[in-house]
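The structure appears right after this line, and notes come after that.
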Amino acid sequence: MEVLSHVNNLQDYARSLKDTRLASLKPPAEFFNIRQVSRPKDTQEYMKRASYNIRYFSANYAIVVALLAVYSLLTNFLLLISLGFLIGGFLAISRYVQEPFEVAGKTITPQNLYTGLFVIGIPMLWIAAPLSTVFWIVGSSACVVGAHAGLMEPGIESEYQGVETV
């Protein structure tokens with residue numbers, strides 16, 4: 001019954017995400033329109049384009065950042081294993097071990113299991129270099145999003161952005 005409520009909560013969250021963020025997702029033909037790519041004449045024009053395009057393509061950029069994050073996890077296999085070990089171990093202990101049990105005359109509590117999990121998992125995580133992965137995601141996302149946002153000419157609708165209709 002508890003699993004069913006978690007699944008329903010996850011479905012509600014996915015629905016709300018679809019209705020809010022993904023509703024503003026632009027089609028690939030518009031996002032990858034090569035005819036709108038041009039070099040800005042100066043920094044001021046670059047900033048104006050980037051400001052408009054970051055708002056306009058925000059859902060597309062969120063997907064690009066998510067894909068870069070998935071790529072970085074798949075290429076850093078040790079980080080993927082250590083995160084799986086820590087998250088899986090935490091979930092397994094919290095779900096299956098609510099009270100102490102005995103093994104070979106020793107009483108093992110859930111706190112002992114959490115301690116063992118972190119004693120093994122944290123050095124694994126440290127060796128996997130998660131900070132370098134985070135900095136790679138931030139840097140590559142900034143480069144990709146910054147290049148796209150600054151090189152794409154805003155559409156004609158950007159000229160009427162501040163105009164109110166009666």
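Note that the structure is a prediction, hence the values are computed from the model and not measured.
Hydrophobic clustering, with ILVMFWY side chains joined whenever heavy atoms are under 4.5 angstrom apart, groups Val145 together with Phe57. Residues Ile122 and Leu113 fall within the same hydrophobic cluster, defined by Ile, Leu, Val, Met, Phe, Trp and Tyr side chains chained together at heavy-atom separations under 4.5 Å. Taken together through direct or relayed side-chain contacts under 4.5 Å among Ile, Leu, Val, Met, Phe, Trp and Tyr, Tyr56 and Val37 form parts of separate hydrophobic clusters. Cluster membership check: Val103 shares its hydrophobic cluster with Ile120, using side-chain heavy-atom separations under 4.5 Å among Ile, Leu, Val, Met, Phe, Trp and Tyr. Residues Met124 and Leu74 fall within the same hydrophobic cluster, defined by Ile, Leu, Val, Met, Phe, Trp and Tyr side chains chained together at heavy-atom separations under 4.5 Å.
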Would you mind writing out the side-chain donor-acceptor pairs for residues 59-66 within the sub-3.5 Å range, not counting sequence neighbours?
| residue | atom | partner | partner atom | Å |
| --- | --- | --- | --- | --- |
| Asn60 | OD1 | Lys26 | N | 2.9 |
| Asn60 | ND2 | Lys26 | O | 3.1 |
| Tyr61 | OH | His148 | ND1 | 2.6 |
| Tyr61 | OH | Ala149 | N | 3.4 |

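The shortest heavy-atom contact between Leu151 and Arg39 is CD2-CA, 4.3 Å. Taking both residues in full, the closest heavy atoms of Thr75 and Ser72 are given as OG1-O, 3.2 Å, listed atom of the first, atom of the second, then distance. A pairwise comparison of heavy atoms in Met152 and Asn53 identifies O-ND2, 2.8 Å as the closest pair.
The line from CZ of Arg35 to CD of Glu153 is 12.5 Å long, rounded to the nearest 0.5 Å. Of the inter-residue distances, the one linking Lys48 atom NZ with Asp42 atom CG reads 10.5 Å to the nearest 0.5 angstrom. Atom CG in Leu117 sits 10.5 Å away from atom CD1 in Ile87 (nearest 0.5 Å). Atom CG of Asn33 is separated from atom CZ of Phe31 by 11.5 Å, given to the nearest 0.5 angstrom. Rounding to the nearest 0.5 angstrom, the gap separating the CG atom in Leu78 from the CG atom in Leu83 is 9.5 Å.
Within a 6.0 Å radius of CD in Gln98, other residues, nucleotides and ligands contribute more than 12 heavy atoms.
Looking only at side-chain heavy atoms (C-beta outward), Phe118 and Leu86 come within less than 4.5 Å of each other. Looking at heavy atoms from C-beta onward, Tyr71 lies out of side-chain contact with Leu67 at the 4.5 angstrom threshold. The shortest distance between side-chain heavy atoms of Ile108 and Pro100 does not fall below 4.5 Å. Side-chain atoms of Leu125 and Leu79, non-hydrogen and from C-beta on, do get closer than 4.5 Å to each other.
Using cut-offs of 30° and 60° on the angle between ring planes, the pair Tyr114 and Phe90 is tilted.
Applying the side-chain hydrogen bond (donor to acceptor under 3.5 Å, both in side chains) test to residues at least two apart or on different chains, the pairs with a partner in residues 121-144 are Asn76-Thr133.
Between Glu45 and Arg49, at least one side-chain N (NZ, or NE/NH1/NH2) sits under 4.0 Å from a carboxylate O, which counts as a salt bridge.
With hydrogens and angles disregarded, a donor-acceptor distance shorter than 3.5 Å links the side chain of Asn112 to the backbone of Thr109.
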